[in-house]
Every structure is written in C-alpha cells, then in structure tokens.
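This report refers to the structure that appears directly beneath it.
These numbers come from the heavy atoms of this one structure, side chains and all, not from hydrogens, waters or symmetry mates. Below, chain A is the first sequence line, B the second, and so on; all start at residue 1. In this text, all values refer to a predicted model and were calculated from it rather than measured experimentally.
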Protein chains: 2
Amino acid sequence: MATERPDLAAMLYPLVRELIALELPVLAAHEVSMWGYSVLTALDDTPVRTQAALAEAIGADKSRIIGTLDELQKAGLIERTPDPDDRRVRLLSITAEGRRVRRAVRRGIQIKEMQVLESLPVPDRKTFIRLLQQLHASR
Amino acid sequence: MATERPDLAAMLYPLVRELIALELPVLAAHEVSMWGYSVLTALDDTPVRTQAALAEAIGADKSRIIGTLDELQKAGLIERTPDPDDRRVRLLSITAEGRRVRRAVRRGIQIKEMQVLESLPVPDRKTFIRLLQQLHASR
DNA sequence: TATTGTTATACTCTATAACTATA
DNA sequence: TATAGTTATAGAGTATAACAATA
C-alpha cells in the first residue's frame with residue numbers, strides 16, 4: 001500500500017504539452033515547423049540516404065514529411081539531390097544555413113525549457129536530465 | 001561546450017508515445033477510452049461540480065468530453081445529476097463500479113509501464129519517478 | 001444579459017492507398 | 001515486378017462558434 005501515484009503517462013504528458021507550448025514561439029520566430037526542426041536535428045547528426053529512412057528515424061510516415069522537406073529545401077536549409085546510382089532515391093543532407101538555424105532554435109528552446117524544471121532544486125534538475133538522457137539513449 | 005544533448009521534449013515525447021502504446025490494450029480490455037480513464041481518475045480524487053471544471057482539470061475542452069461522459073454514464077461508471085440549486089450545472093461523481101474499473105486499469109498500467117524504465121538501474125528508476133512526481137505535483 | 005451544457009462546423013493531423021518514375 | 005517518392009482520399013481528433021436551457 002501507500003503506492004498511490006499517478007501513472008507515468010499522466011505525469012509526463014502535461015510536461016510534454018507545456019514544453020511544446022514553450023517551443024512553438026521559438027520555432028515560429030525561426031520559421032520552422034516542429035517536424036522541420038525534427039528533420040534538421042536528424043540530418044545534423046548524420047546525412048540520410050532515403051526519405052523513408054529519415055521518416056522512420058523521426059517516427060513519421062514517409063508521405064507525411066514531404067511537405068516538410070519541400071519547405072526546408074525551399075528555405076535552403078536542406079539539400080535533396082537524386083542519387084546518380086539510383087535515380088529513385090534522394091540523398092538528404094543539411095546545409096550550413098540549416099545547421100545555423102538548428103543551432104539557433106536549439107539554443108532558444110534549451111533556455112526556455114528549463115522553466116519546466118524550475119520547481120526542482122538544481123541538483124535534482126541535473127539528475128532528472130541525466131536519467132532522461134539514459135532512457136532516451138537506450139532505445 | 002559539451003552540453004550537446006537532445007531537447008527535453010525530444011526525449012520525453014517518444015517515452016510518452018511508448019507508454020500510450022502500452023496502455024491502449026489495457027484500456028481496451030476494460031472498455032474505457034484514454035479520456036474516459038482520465039475522467040475516472042479525476043473524479044476518483046474528488047467529485048466535480050461542473051463539466052467545464054472537469055474538462056479544464058484534465059486539459060480538455062468542455063465540448064470535447066461530452067461524448068466521453070455519455071459513454072461513462074451509460075456504462076454506469078459515473079453519475080451526472082442536475083444540480084437542484086442551479087439546473088444548468090451537472091454534478092459529477094464516480095460510482096463504485098467506476099472506482100473498481102479505474103483501480104483495475106491502473107493496476108494493469110502500472111505493471112506494464114515499468115518496461116519503459118527497464119534500462120535504468122532500480123534505484124535510478126525510483127529516483128526518476130520521485131522527481132517526476134515532484135514536477136507533477138508542482139503544477 | 002450571462003452561463004452551462006450541447007451540437008454543428010470547419011480545420012488540422014494522420015494513415016492508407018493509388019500513382020509516377022525508375023530499377 | 002518491385003521500390004522511392006509523390007499525390008489523393010478518407011478518417012480521427014480537435015478547436016471554434018452557434019445554440020437551447022436556465023439563471
């Protein structure tokens with residue numbers, strides 16, 4: 001007994017909602033969508049050979065990211081070049097400008113997101129982030 | 001430098017998605033929707049005087065929960081009685097059966113959700129949950 | 001006139017399945 | 001024929017605004 005506590009999802013979900021609300025203005029200021037930012041992040045870590053692979057990497061459907069890729073390309077943030085060896089596939093990579101935008105957005109987000117942890121003592125914040133990073137890395 | 005880490009939302013979001021995927025079968029087995037379970041949880045803690053207040057408490061829109069309330073009432077899990085003092089408002093409370101269902105669902109969920117934390121050493125799991133509870137309580 | 005609950009409408013996301021172009 | 005990317009269609013979920021009953 002005495003283990004009455006809310007479900008993990010019930011506690012995590014409001015947190016995510018709050019984080020998204022904090023991030024939207026930052027994203028809007030840099031004129032990227034949430035999915036756009038997600039794509040930039042994935043491509044900054046490593047270029048990707050097919051759009052389907054990229055979609056899977058960020059947990060989306062291949063048909064769902066096309067509009068996003070169009071916008072990013074038009075804005076000069078990514079490059080989408082046909083593979084000469086197999087002209088069906090598009091080689092995806094981030095541009096220098098894309099990298100710059102990603103960094104700027106990230107900086108903006110990481111400053112704001114600390115608000116969400118404000119109710120924790122500083123050492124606990126670090127612990128929480130560390131554990132979360134472990135969880136994230138292990139999947 | 002060396003502070004390269006994913007954004008909080010980027011780490012939390014996949015976690016929530018995984019948790020939801022784990023919960024859906026449990027909810028389905030007891031024939032309650034996610035919102036339904038959310039309502040039962042809110043009402044088990046304390047009865048509520050208006051539907052709008054309930055909606056706000058669970059982060060929904062007042063018009064959005066009506067279908068949910070209809071189902072829960074039809075299933076005998078909640079009671080929705082007009083307030084004699086102000087016949088516009090509906091007094092909301094959980095029934096004994098509703099309480100039973102909520103407990104059963106919760107038990108099922110809390111067993112499964114530990115899978116998500118499996119990659120952490122046991123003491124770290126407890127720490128994570130404790131910090132999360134603190135964050136949740138403070139909002 | 002203001003408020004509670006309800007219904008209706010439109011809008012956004014998402015999933016699925018056709019379609020094209022290459023192989 | 002199979003696959004990568006694209007487009008089109010339909011469905012679910014949500015937000016907004018109109019509405020009826022009561023105050």
Side-chain angles (χ1 to χ4, degrees), chain A residues 9-10 13-14 16-21 23-25 27-28 31-39 42-43 47-74 78-93, chain B residues 9-10 13-14 16-21 23-25 27-28 31-39 42-43 47-74 78-93:
Chain A
Y13 193 69
V16 169
R17 297 250 291 212
E18 197 180 335
L19 284 166
I20 289 176
E23 292 185 5
L24 286 180
L27 291 165
E31 292 179 312
V32 252
S33 67
M34 190 89 69
W35 284 113
Y37 177 57
S38 182
V39 166
L43 289 182
V48 170
R49 212 182 92 85
T50 75
Q51 295 185 183
L54 174 62
E56 217 222 307
I58 64 176
D61 188 89
K62 64 171 177 164
S63 71
R64 218 162 80 190
I65 63 169
I66 289 184
T68 304
L69 296 179
D70 289 346
E71 285 167 24
L72 291 173
Q73 186 177 21
K74 205 169 138 198
I78 66 167
E79 268 170 0
R80 182 157 55 158
T81 57
D83 183 346
D85 294 349
D86 181 344
R87 300 216 310 284
R88 289 174 306 179
V89 335
R90 308 270 175 274
L91 303 170
L92 301 165
S93 57
Chain B
Y13 193 69
V16 169
R17 297 251 290 209
E18 198 180 334
L19 283 166
I20 289 177
E23 293 184 5
L24 286 180
L27 291 165
E31 291 179 312
V32 250
S33 68
M34 190 87 70
W35 284 114
Y37 177 58
S38 182
V39 166
L43 289 182
V48 170
R49 213 182 92 86
T50 75
Q51 296 185 183
L54 174 64
E56 217 222 307
I58 64 176
D61 189 90
K62 64 171 179 164
S63 71
R64 220 162 79 192
I65 62 168
I66 289 185
T68 304
L69 295 179
D70 289 346
E71 285 167 23
L72 290 174
Q73 187 177 20
K74 206 169 136 197
I78 66 167
E79 268 171 0
R80 183 158 54 158
T81 57
D83 183 346
D85 294 348
D86 181 345
R87 300 215 311 284
R88 290 174 304 181
V89 334
R90 308 272 174 272
L91 302 171
L92 300 165
S93 57

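Considering A:Val48, A:Thr68, A:Val32 in turn, A:Thr68 is the only one that fulfils the side-chain contact (heavy atoms from CB on, under 4.5 Å) rule with A:Val39.
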Quick one: do A:Leu72 and A:Leu43 satisfy side chain to side chain contact (heavy atoms under 4.5 Å, CB included)? Show the steps, please. CA-CA 12 Å; A:Leu72 291 173; A:Leu43 289 182; over 6 Å; no
Quick one, B:Met34 with B:Leu24, criterion side chain to side chain contact (heavy atoms under 4.5 Å, CB included). Give me CA distance, side-chain angles, the key distance, then yes/no. CA-CA 8 Å; B:Met34 190 87 70; B:Leu24 286 180; 3.8 Å; yes
Could you walk me through whether B:Arg80 and B:Leu91 pass side chain to side chain contact (heavy atoms under 4.5 Å, CB included), step by step? CA-CA 6 Å; B:Arg80 183 158 54 158; B:Leu91 302 171; over 6 Å; no
Applying side chain to side chain contact (heavy atoms under 4.5 Å, CB included), run through B:Leu54 and B:Leu69 and close with a yes or a no. CA-CA 11 Å; B:Leu54 174 64; B:Leu69 295 179; 3.9 Å; yes
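Stem regions annotated for DNA chain D: C:1-23 with D:1-23, counting only runs of 3 or more consecutive pairs of Watson-Crick or G-U type with both contacts under 3.5 Å.
Between atom CD1 of residue A:Ile78 and atom CZ of residue A:Arg90 there is a gap of 12.0 Å, rounded to the nearest 0.5 Å.
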Treat primed atoms plus P, OP1 and OP2 as sugar-phosphate and everything else as base, then score nucleotides 16-23 of chain D 5' to 3': B for base contact with protein heavy atoms under 4.0 Å, S for sugar-phosphate contact only, - for none. B----BBS
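The interatomic distance linking A:Gln51 (CD) with C:dA21 (P) rounds to 16 Å, in whole Å.
OP1 and OP2 of C:dT22 both lie 4.0 Å or more from every side-chain N or O belonging to A:Arg90.
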With 3.5 Å as the limit, what N/O pairs link the protein to nucleotides 10-14 of chain C?
unit_1	atom_1	unit_2	atom_2	d
C:dT14	OP2	A:Trp35	NE1	3.4

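Under the side chain to side chain contact (heavy atoms under 4.5 Å, CB included) criterion, B:Glu31 pairs with no residue, sequence neighbours left out. Every residue two or more places apart in sequence or in another chain was checked for a side chain to side chain donor-acceptor pair (under 3.5 Å) with A:Arg17, and none qualifies. Every residue two or more places apart in sequence or in another chain that forms a side chain to side chain contact (heavy atoms under 4.5 Å, CB included) with A:Thr50 is listed here: A:Ala52, A:Ala53, A:Val89.
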